[in-house]
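Before any comments, here is the structure.
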Amino acid sequence: MIETWGSLLAGFLLLVAGGDLLVRGAVQAAERLGISPLVIGLTLVGFGTSMPELVTSVQAGLSGSPGIAYGNIVGSNIANILLIGGISALICPVIVAEAALRRDAALMLGVAAIFAALAFAMPMGRLLGAIFVAGLAGYIVLVIRQERTTGEHGAIHDKSAALLQADPGLRRSSRRPGLILPLLLALAGLGLVVLGGALLVEGAVALARAFGIGETVIGLTIVAVGTSMPELVTSVIAALKRQGDVAFGNIVGSNIYNILGIGGTTAVIAPSAVPAEIVGFDAPLMVGVSALLVLLAATGRRIDRWEGLVLLAGYGAYLYLLWP
């Protein structure tokens, strides 16, 4: 049992450390190649906190554990809204920017509903996965164009801003390092996240077997919360700095990345059916809590502390229903 928990802990630590190195190296390489700060922020930095979910879900899919792969995606989205959203609102009322609500929160709700419907109707095959990834790419291109023309900041901008606040070392530097060192840094980070993902999946499977609990429950809870730690840290830091709008955008942006980017990539690399228990309960619940977040955000363009308490209580009730 010590080995099992040790594998889980080591996996989480390697995922976080490796993800930081990977993003740091990729950002420095992109700067060296002359890519604009806006594009870097909305792609490389914006995707930074989602690396643990991506690697873990792909590793789980390749290992034949779709319960962990898709439990991680759906469970992370639920945790982002109820747990992270609740904690952020308790620290500081979450202010909702118009662009983040009108464009991004609506998209978050839409892709959650599409995922739930498709998971009920058919397996997550390579074609669906490619469509999801293409949808994310199209969304990012749209966001870049709109931010260049109107200057309106939405969820993806806030997602990258939250990570930059938590890790100022990612900010654009006046120094221009050579290309070799950043590439080596990115490769080292990639190696660490791959190893961390493998250890995390191995530990999660062992834990499920040891306690006689389904892999799906482990994926929806322990794995999902663990891989969502970067989002929790960045959102809490934003809330502590009284920047609730950044916390909201971080949550919404992460959920969009999780469904389209991570769900799509997992389906392309390791196609499989979404487990029936997720299809029947957790995916519809994800849609429901997404709608709840949009509703709370639309009323007064803020999420107050008492509403944050409601979100946290909802996550507690979810865990109570899920665990035997």
Side-chain angles (χ1 to χ4, degrees), residues 1-19 22 49-80 83 115 119 123-126 129 189-232 257-259 261-283 285-286 315 318-324:
M1 187 55 63
I2 294 176
E3 290 182 359
T4 299
W5 285 105
S7 178
L8 282 170
L9 180 60
F12 286 134
L13 292 176
L14 287 175
L15 280 171
V16 173
L22 176 58
T49 56
S50 295
M51 284 304 302
E53 285 100 336
L54 173 63
V55 174
T56 301
S57 287
V58 170
Q59 289 272 13
L62 291 173
S63 300
S65 300
I68 294 177
Y70 288 103
N72 179 39
I73 294 167
V74 173
S76 290
N77 276 24
I78 293 172
N80 283 345
L83 177 63
F115 174 85
M124 294 298 293
R126 287 192 171 92
L190 179 61
L192 288 178
V193 294
V194 170
L195 177 59
L199 287 173
L200 180 58
V201 172
E202 179 184 325
V205 171
L207 188 66
R209 291 173 179 170
F211 284 97
I213 299 171
E215 292 180 4
T216 300
V217 174
I218 299 295
L220 286 162
T221 54
I222 294 175
V223 175
V225 172
T227 58
S228 294
M229 279 297 110
E231 279 90 358
L232 175 60
Y257 270 102
N258 284 348
I259 295 292
I262 298 170
T265 302
T266 302
V268 169
I269 296 176
S272 66
V274 179
E277 52 264 53
I278 294 178
V279 172
F281 177 69
D282 304 283
L285 179 65
M286 176 182 67
Y315 194 67
Y318 172 63
L319 293 180
Y320 178 81
L321 290 173
L322 209 58
W323 279 80

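Every value quoted in this text rests on a predicted model; they were computed, and no experiment measured them. We use all heavy atoms of the structure for the numbers below, so side chains are in, but hydrogens, waters and symmetry mates are not.
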Just wondering, do [Y] and [X] contact through their side chains at under 4.5 Å, heavy atoms?
{"X": "I68", "Y": "Q59", "result": "no"}
{"X": "P66", "Y": "V274", "result": "no"}
{"X": "V223", "Y": "I218", "result": "yes"}
{"X": "Y70", "Y": "T216", "result": "no"}
{"X": "I78", "Y": "L83", "result": "no"}
{"X": "I259", "Y": "M286", "result": "yes"}
{"X": "T221", "Y": "V225", "result": "no"}

Q) Sub-3.5 Å donor-acceptor pair from the side chain of S7 to the main-chain atoms of L199, do we have one? A) yes
Q.
For the backbone of E53 and the side chain of T227, can you confirm whether one donor and one acceptor N or O come within less than 3.5 Å of each other?
A. no
Q | Distance (rounded to the nearest 0.5 Å) between N258 CG and F115 CZ | A | 10.5 Å
Closest approach of [X] to [Y] (non-hydrogen atoms, all atoms of both residues):
{"X": "L62", "Y": "A270", "value": "N-CB, 3.7 Å"}
{"X": "A224", "Y": "G75", "value": "CB-C, 3.4 Å"}
{"X": "A267", "Y": "G129", "value": "CB-CA, 3.7 Å"}
{"X": "G125", "Y": "P271", "value": "CA-CB, 3.9 Å"}
{"X": "V55", "Y": "V193", "value": "CG1-O, 3.0 Å"}
{"X": "I262", "Y": "T266", "value": "O-OG1, 2.7 Å"}

If only side-chain N and O atoms count, and only distance matters, is there a donor-acceptor pair under 3.5 Å linking [Y] with [X]?
{"X": "E215", "Y": "S65", "value": "yes"}
{"X": "N72", "Y": "T56", "value": "no"}
{"X": "Y318", "Y": "D282", "value": "yes"}

Q: Begin with the C-alpha distance, continue with both residues' side-chain angles, and end with the deciding distance and a verdict on side-chain contact (heavy atoms from CB on, under 4.5 Å) for S228 and N80.
A: CA-CA 7 Å; S228 294; N80 283 345; 3.7 Å; yes
(Q) Suppose we screen for side-chain contact (heavy atoms from CB on, under 4.5 Å). Which residues come up paired with A283, at least two apart in sequence or across chains? (A) A116, I278
